[in-house]
Student: 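To start, I am sharing the structure in question, which I have written as C-alpha cells.
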Protein chains: 4
Amino acid sequence: MSVNKVILLGNVGKDPEVRYLDTGIAVATFPLATTDRAYTLANGTQVPERTEWHNLVLWRGLAETAEKYVHKGDKLYIEGKIRTRSYDDQTGAKRYITEIFVDNMEMLTPKSASSGVSSVQQPVTPAQPQQSPVTPIQNNPADDLPF
Amino acid sequence: MSVNKVILLGNVGKDPEVRYLDTGIAVATFPLATTDRAYTLANGTQVPERTEWHNLVLWRGLAETAEKYVHKGDKLYIEGKIRTRSYDDQTGAKRYITEIFVDNMEMLTPKSASSGVSSVQQPVTPAQPQQSPVTPIQNNPADDLPF
Amino acid sequence: MSVNKVILLGNVGKDPEVRYLDTGIAVATFPLATTDRAYTLANGTQVPERTEWHNLVLWRGLAETAEKYVHKGDKLYIEGKIRTRSYDDQTGAKRYITEIFVDNMEMLTPKSASSGVSSVQQPVTPAQPQQSPVTPIQNNPADDLPF
Amino acid sequence: MSVNKVILLGNVGKDPEVRYLDTGIAVATFPLATTDRAYTLANGTQVPERTEWHNLVLWRGLAETAEKYVHKGDKLYIEGKIRTRSYDDQTGAKRYITEIFVDNMEMLTPKSASSGVSSVQQPVTPAQPQQSPVTPIQNNPADDLPF
DNA sequence: TTTT
DNA sequence: TTTT
C-alpha cells in the first residue's frame with residue numbers, strides 16, 4: 001500500500017567507492033548531481049541554477065557493474081528509493097543521512113566518451129575504502145544483511 | 001539535462017503545518033510515511049517491514065489545498081523533487097535535512113473517511129508556527145523567494 | 001540505454017479476465033481508467049474532464065493476485081511498460097493495440113470497500129475466456145513465452 | 001484522484017514534423033524508440049531484444065524547441081501522459097492510435113553530436129505537413145484547442 | 001509520526 | 001468500462 005520511488009538523471013561526481021561484505025556482496029556508493037535550470041519568476045526575481053547532490057548506494061550486481069563501467073563525469077539515469085539512516089557522529093550525537101538505494105541504472109555516456117581510462121590508472125581499492133566523514137557507513141550487523 | 005523526480009504514495013503522519021511568508025505565499029510542511037513490505041531472502045533471512053519518513057514541503061496553491069484538505073492518517077500520492085538544505089544547530093554545527101518539494105498531489109482518502117473534524121478542533125496557527133527542532137526553517141532572506 | 005516506464009493511478013473498469021497458458025502461467029487483463037481534471041485555459045476555454053482507458057496485462061504472480069483481489073471499481077496504482085502489438089482483424093487488415101505490461105501493483109481500495117463479493121457470485125471462468133473483439137489475444141506461439 | 005504518467009528514454013526515429021494551428025500554436029510529432037534488453041529465462045528460453053515505438057506529441061513551446069533542436073537519432077528523456085484517440089480510416093472504420101503527450105523533455109545528445117545539419121538541408125514544411133497514414137491527424141475543431 |  |  002506504499003510507493004517510494006526516485007528517478008534521477010544527472011552526472012556522477014566521483015568514481016564509485018566499492019566495498020565487499022564478508023558474504024561477498026558488493027556495495028557501491030557515489031554522488032550524483034542534478035541541476036535545476038535557472039528561471040525568472042513572474043515578479044522578475046531571478047532564481048539561479050541549483051545543483052543537488054544525491055548519495056547513491058548500489059548493491060550486488062549493480063555495484064559490480066558500477067565498479068567496472070561508471071566513472072566520474074558520466075551521465076547516468078537511475079531508479080531507486082529514498083532511505084534515511086542515522087549514525088552517531090564523533091560527539092555521540094545522532095545524525096541523519098538520506099541515501100538513494102538504486103534498483104535500476106542506465107548508463108548514458110558512450111563508452112568512448114567516458115573517463116574510464118583515468119579510473120584504471122587510479123583504481124578504487126575495494127578492500128579498505130576510506131569512509132567519507134560526510135556519509136559514514138558503520139560496521140554494524142545490519143551491514144551484512146544483503147538488502 | 002537533468003531529472004530529479006520523486007514519487008511517493010503513503011500516509012500522512014501529522015496534520016500539515018502551514019505558515020505564510022510576508023509576501024502572502026503559503027508554505028506547508030508535514031511528514032509522509034512509506035512502508036516497505038517485509039520479505040524473506042533466498043537464504044531464509046527475514047527482512048522486516050520498514051517505514052521511511054519523508055519531509056514534504058508544499059508551496060502556494062498546493063500548500064493551501066493541504067491546509068484545507070490533508071489530515072493526519074490520509075493516504076496521499078505526490079510527485080516532487082529531492083532537496084537537501086543545511087542549517088546550523090544549537091552548537092553552531094552545520095546540519096543537513098533532506099526534504100521533498102511537492103509539485104503534484106492526489107488525495108486518495110475519501111472525504112468521508114478523512115480525520116478532518118479533529119483538525120478543525122485543533123487548528124494549526126499559521127501566524128506563529130512553532131518550528132520543530134528536528135526540521136528548523138530559518139528566517140533567512142531566501143524564505144521570501146517563492147520557489 | 002533505454003527506459004519505458006508507465007505510472008498509473010486510477011479505477012478498474014471490469015473484473016480481471018484471467019487465463020492460463022499450457023505452461024500454467026497466468027495472464028490477467030483488465031481496463032484501468034484515469035481521468036484528467038477539467039480546467040479553464042487563460043483565454044477562457046473550458047477543457048472538460050477526460051477519461052483515458054488503459055489495457056493492463058499482468059503475468060504470473062501479479063495475474064494471480066489480480067484474480068483474487070482486484071475488482072471492478074477498485075482504485076489501483078501500477079507501474080509498467082508500454083507495449084504495442086499488432087493483430088489481424090476479421091478482414092485480414094493489420095490492427096494495433098497498445099497495452100500496459102504491469103510489473104508492480106498497489107491496491108488502494110481497502111478490502112472492506114472492494115466489490116469482491118459480487119465477483120465471487122459471478123466468477124470469471126479462466127478455462128474458456130471469451131476474447132473481446134476489441135482486444136483480441138491471438139493463439140500464436142509467442143503466447144507461451146512467459147514475458 | 002488519478003495519475004497518468006509516462007517516462008521514456010530512447011532515440012528519436014525521425015526529425016520532428018511541426019505544424020502550426022490557425023491560432024499560431026505549434027504541434028510537433030515524432031517517433032521515439034525504446035529497446036528492451038535481450039534476456040534468458042530460468043528455463044533457458046531466449047527472449048530477444050525488442051524495440052517499442054512511441055508516437056510523441058508536443059505542444060507550444062516544447063514543439064518549438066523540438067523543431068529547433070531535436071533530430072533523428074538523438075537520445076531523449078521525456079515525461080508525458082498516454083492518450084488514445086480514434087479516427088476513421090479510408091473505409092470509414094474506426095481506428096485507434098495511442099500517443100504520448102509530452103510535458104517535459106530533456107535532450108541528452110550533446111549539440112556537437114546531433115545530426116542537426118542534415119535537418120537543415122531537408123527542412124520540415126510546417127504549412128502543409130503530409131499526414132502519415134499510420135498516425136493521421138484530423139482537422140477537427142478540437143485541433144484548435146491548445147491542450 | 002502514518003498505515004496494513 | 002471506472003471514479004469524483
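Numbers restart at 1 for each chain; the letters A, B, ... are given by sequence-line order, proteins then strands. Model, not experiment: these values are computed from the prediction.
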Student: Under 4.0 Å, heavy atoms only, any strand: does A:S2 hit a base, just the sugar-phosphate, or nothing?
Tutor: nothing
Student: Show the nearest heavy-atom pair for residues A:T98 and A:N55, with the distance to one decimal.
Tutor: O-ND2, 3.1 Å
Student: If you only use heavy atoms from C-beta on, which nucleotide in E:dT2, F:dT4, E:dT4 is closest to the side chain of A:M1?
Tutor: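 Comparing E:dT2, F:dT4, E:dT4 against the side chain of A:M1, the answer is E:dT4.
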Student: Please report, rounded to the nearest Å, how far the C1' atom of E:dT1 is from the CG atom of B:N55.
Tutor: 11 Å
Student: Look at the side chain of B:W53 and decide which nucleotide, out of E:dT1, F:dT2, E:dT3, has an atom nearest to it.
Tutor: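 Output: E:dT1.
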Student: Given C:M107 and C:L76, is the side chain to side chain contact (heavy atoms under 4.5 Å, CB included) satisfied, shown in steps?
Tutor: CA-CA 5 Å; C:M107 289 169 285; C:L76 214 61; 3.5 Å; yes
Student: What heavy-atom pair brings B:I100 and B:H54 nearest, and what distance separates the two atoms?
Tutor: CG1-CB, 4.3 Å
Student: Reckon C:T34 touches a base, only the sugar-phosphate, or nothing at all at heavy-atom distances under 4.0 Å?
Tutor: nothing
Student: Rounded to the nearest 0.5 Å, what separation is found between the OG1 atom of C:T34 and the CH2 atom of C:W53?
Tutor: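 It comes to 9.5 Å.
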Student: Compare the minimum distances between each of F:dT3, E:dT3, E:dT1 and the side chain of B:T35, then state the nucleotide with the smallest one.
Tutor: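 The listed nucleotide nearest to B:T35's side chain is E:dT3.
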Student: In whole angstroms, how far is the P atom of F:dT3 from the CE atom of B:M107?
Tutor: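 Roughly 19 Å, once rounded to whole Å.
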Student: Centre of C:F101's six-membered ring, under 6.0 Å away, within 45 degrees of the axis: is that where NZ or CZ of C:R83 sits?
Tutor: yes
Student: Taking CD1 from B:I100 and P from E:dT2, how many angstroms apart are they, rounded to a whole number?
Tutor: 20 Å
Student: Write down the distance between NZ (B:K75) and C1' (F:dT3), rounded to a whole number of angstrom.
Tutor: 18 Å
Student: In this structure, how many angstroms lie between the C1' atom of F:dT2 and the OH atom of C:Y77, rounded?
Tutor: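 Computing the C:Y77:OH to F:dT2:C1' distance gives 19 Å.
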Student: Whole Å only: how far is the CZ atom of C:F30 from the P atom of F:dT1?
Tutor: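 Those two atoms, CZ and P, are 18 Å apart.
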Student: Could you check which of E:dT2, F:dT4, E:dT1 has an atom nearest any side-chain atom of C:E49?
Tutor: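 Between E:dT2, F:dT4, E:dT1, the one nearest the side chain of C:E49 would be F:dT4.
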Student: Measuring from the side chain of B:P31 (C-beta onward, heavy atoms only), which nucleotide among F:dT2, E:dT1, E:dT4 has the closest atom?
Tutor: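 Closest nucleotide among those given: E:dT1.
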Student: Between C:N11 (CG) and F:dT3 (C1'), how many Å, whole number?
Tutor: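 To the nearest whole Å, that distance equals 4 Å.
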Student: I need the CG-P distance between B:L108 and E:dT4, as an integer number of Å.
Tutor: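 Distance, rounded to whole Å: 13 Å.
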